[in-house]
Amino acid sequence: MATAPSTIHVEILRQSTPDAAAVTERFAIPYRPNMNITSLLGEIALNPITADGAPTTPITYDSNCLEEICGSCAMLINGRARMACSTLVDTLIKEHPDKPISLAPLSKFPVVRDLAVDRAVLFQNLKVVKAWVPIDGTYDLGPGPRQFPQTQEARYPLSNCISCTICMEVCPQFSEDTNFVGAATIAQARLFNMDPAGSVLKEDRLRALAGEGGIQECGYAQNCVEACPKQLPLTEAISITGREVLLQQVKDLFTR
Ligand code: SF4
Ligand code: FES
């Protein structure tokens, strides 16, 4: 970076309760190289004073792993859905040297407080498509069925989903009007449909994706695949699963 600033200016959209009005608070943080957004929020927690000198409370946000694995720290950073732990302050300064860094909660999920949102809808959707391998009991089931290396290779990228919900945040179809389950849920249905043990629930998953808020709501905007921090092949998973849902519907027409 050519010239590092001595102070980082940050604007944060805050909300003390789910129903409270949102307010913007401004902070001026001494610059240190190699900070990420999480460490910036940590600096505020150490000294919760606004840029005007008013005492305030530390910012509430979710975070856990600090290495883009747990998926909890997604938020709007300069208007774009990204992970706080992997977004570097130096990069943001380079992108917009003259603008303060803006932080806001994801816009499509209920705010719990400040930058923490309730993303339970993703986990409800994963239940709808039975995104798991069913096991019968807790006793030793022996080794699982073998997988072809080609199947493992196709499944591995889908297994990298960290449930951050960024794909849902950026999707124009993900709203209360459509109840669209979103790209992550479809990708996980594909992941478990390809599992030799998980595929026993494949028909249930495909039927669930044919229902309300299912795969037909996808408008192929492709925002999801561009925004996913783990580069999941979301559009490929959606188109393959879309074909399988259609085939399942035709099959059910003649056999049920
Ligand atoms: S598919 Fe990508 S963007 Fe969506 S929840 Fe998983 S990791 Fe996040
Ligand atoms: S803190 Fe776990 S993904 Fe950012």
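Nothing fancy with the numbering, it's 1 onward along the sequence. Atoms within a ligand are numbered from 1 in the order they appear, just like the ligands themselves.
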Flag for Asp252-Gln248: side-chain donor and acceptor within less than 3.5 Å: yes
N/O donor-acceptor pair under 3.5 Å between Asp114 side chain and Tyr61 backbone: no
Backbone of Ile77 reached by a side-chain donor or acceptor of Arg82 within 3.5 Å: yes
Quick one: look up the protein heavy atom nearest atom 2 (Fe) of ligand 1 and list residue, atom name and how far away it is. Cys228 SG, 2.3 Å
Output, by chain and residue number, all protein N/O/S atoms separated from atom 2 (Fe) of ligand 2 by less than 2.8 Å. Cys65 SG, Cys70 SG
Do you know the tightest heavy-atom contact between Thr56 and Phe27? CG2-CE2, 3.8 Å
Please could you name the atoms of ligand 1 that Leu234 approaches to less than 4.0 Å, counting only its heavy atoms? 1 (S)
Could you tell me the residue and atom name of the protein heavy atom closest to atom 3 (S) of ligand 1, and the distance to it rounded to 0.1 Å? Cys167 N, 3.3 Å
Would you mind checking which non-hydrogen protein atom is closest to atom 7 (S) of ligand 1, with the distance to 0.1 Å? Ile162 N, 3.5 Å
Does even one non-hydrogen atom of Pro229 get within less than 4.0 Å of ligand 1? yes
Among Ile44, Thr50, Ile101, whose side-chain contact (heavy atoms from CB on, under 4.5 Å) with Ile12 holds? Ile44
Would you say Lys130 has more than 12 foreign heavy atoms packed within less than 6.0 Å of its NZ? no
Would Cys164 count as a contact for atom 8 (Fe) of ligand 1, in the sense that one of its N, O or S atoms lies under 2.8 Å from it? yes
Measure the distances from the heavy atoms of Ala187 to every atom of ligand 1 and state whether one is below 4.0 angstrom. no
Is there a side-chain contact (heavy atoms from CB on, under 4.5 Å) between Met168 and Arg119? Walk through the geometry before answering. CA-CA 10 Å; Met168 297 153 86; Arg119 291 172 295 167; over 6 Å; no
Among all protein heavy atoms, pick the one closest to atom 6 (Fe) of ligand 1 and tell me residue, atom and distance. Cys161 SG, 2.4 Å
For a quick check under 3.5 Å, do Arg14 and Thr57 share a side-chain donor-acceptor pair by atom type? yes
Numbered atoms and elements of ligand 1 in range of Leu232, under 4.0 angstrom, heavy atoms: 1 (S)
